[in-house]
Amino acid sequence: MNLLRFLLLLPFLAACGSKDPAGAGDTPPADGRDEPAVKPRALVTIGTIQTDTLTDVLRLSAVSAFPAKDALRATTTGYVLPPTPVVGQLVRAGQTVFTIQTKESRTLHLDKLTGDPRLKFSGIIPIKSGRAGILATVDKLAGDYVQDGEQLGLTYDRSRFGFILDVPVTQLRYVHTGQSCRIFLPDGRILNGRVAEVLATADVSIQTQRYTIRPVGTFPDLPENLAVQVEIDKAAPHLASTLPRGAVLTDETQTKFWVMRLLNDSTAVKVPVKVGAQEKNHIEIRSPAFNPKDKILLSGNFGLDDTAAVKVTRPVAAEQE
């Protein structure tokens, strides 16, 4: 009986002791086991909130212009005599700019008979400037025949020189006559200016109101149609909490702003903020009120998720320096 039981159990014992080739690779060896993937951390630099004196400014484009122009016109029919003035020449009030000889005088040569005491008319007519200015155009040259009332040249009244400023109607509350401003010339020079006049005209297509800006004090000779930048203070200088411009992120429409704050040594979180005045290098943070010890990402923050793994490359002290 025992021999019969042994023979019946022999196939079962053989199966338990054999190795399954198909399952041999299911369990990898301990030394070759795959490690879980580690997500790389972004390299960032950090800083803290600062307190600076800011001035909220309105920066707009303007164009130089001579609003007052004087036309020099012939007062009789005749010929223009030399010398001919040149464009850009400064003229004084009452200065003779053009000289005309009447056609009768030229025919009778009266200009050569002025020594005769009985002759009181030589036929030489001076055309004088009504006010001081700059000769902008010379329309007639020596020897030209002109009709009575014909334009000989054009002068700009330098005392009325200014800049035409177009202000969007949404910003009109920040601009008023008598207000001081700064004029930035293309070569880097800065002139002091004043809002002199508001013009009774507006551009219907872009909805802007037109103002005249006058330079204050001495200023260089500038041509007409020179494009400049004008800065007008929207508010008085004030203390504000600021961050470098690179620390503040925004969406495509620039309606939502946020910063990345360091939660611990290796994690940064997204914090929505409300911004105020924006200068060239700094932006005012109106809310929330950050603690001076809060660590804000200054670089490496672009494109990070709400909770992102980061690695700080420099300490706070090095950033502030």
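Applying the salt bridge (Lys or Arg N to Asp or Glu O under 4.0 Å) rule to pairs touching residues 255-268 yields nothing, sequence neighbours excluded. Within the structure, no pair that satisfies the salt bridge (Lys or Arg N to Asp or Glu O under 4.0 Å) test touches residues 235-248, not counting sequence neighbours. Residue pairs that meet the side chain to side chain donor-acceptor pair (under 3.5 Å) test with at least one member in residues 78-90, sequence neighbours left out, do not exist here. The stretch residues 205-233 participates, sequence neighbours left out, in these salt bridge (Lys or Arg N to Asp or Glu O under 4.0 Å) pairs: Arg59-Glu231, Lys69-Glu224, Arg158-Asp221, Asp166-Arg210, Arg182-Glu231, Arg182-Asp233, Glu197-Arg214.
Side-chain N/O atoms of Thr242 and Asp52 include a donor and acceptor closer than 3.5 Å. Ser129 and Thr155 share no side-chain donor-acceptor pair at under 3.5 Å. Of the N and O atoms on the side chains of Ser61 and Gln229, at least one donor lies less than 3.5 Å from an acceptor on the other residue. For the residue pair Thr99/Gln101, the side-chain donor-acceptor check at 3.5 Å is not satisfied.
For Gln151, the side chain to side chain donor-acceptor pair (under 3.5 Å) partners are Asp139, not counting sequence neighbours. The ring-ring contact (aromatic ring centres under 6.0 Å, His included) test applied to Phe219 returns Phe161, not counting sequence neighbours.
For the atom pair CG of Leu58 and CZ of Arg173, the computed distance is 9.5 Å after rounding to the nearest 0.5 Å.
A continuous path of ILVMFWY side-chain contacts below 4.5 Å connects Phe66 to Leu185, so both sit in one hydrophobic cluster. A continuous path of Ile, Leu, Val, Met, Phe, Trp and Tyr side chains, each step under 4.5 Å between heavy atoms, connects Val230 with Val175, placing both in one hydrophobic cluster.
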Side chain to side chain contact (heavy atoms under 4.5 Å, CB included) between Arg92 and Arg131: does it pass, once the steps are laid out?
CA-CA 6 Å; Arg92 304 181 306 275; Arg131 57 173 61 89; over 6 Å; no
Could you walk me through whether Lys234 and Val57 pass the side chain to side chain contact (heavy atoms under 4.5 Å, CB included) check?
CA-CA 5 Å; Lys234 296 168 61 176; Val57 298; 5.7 Å; no
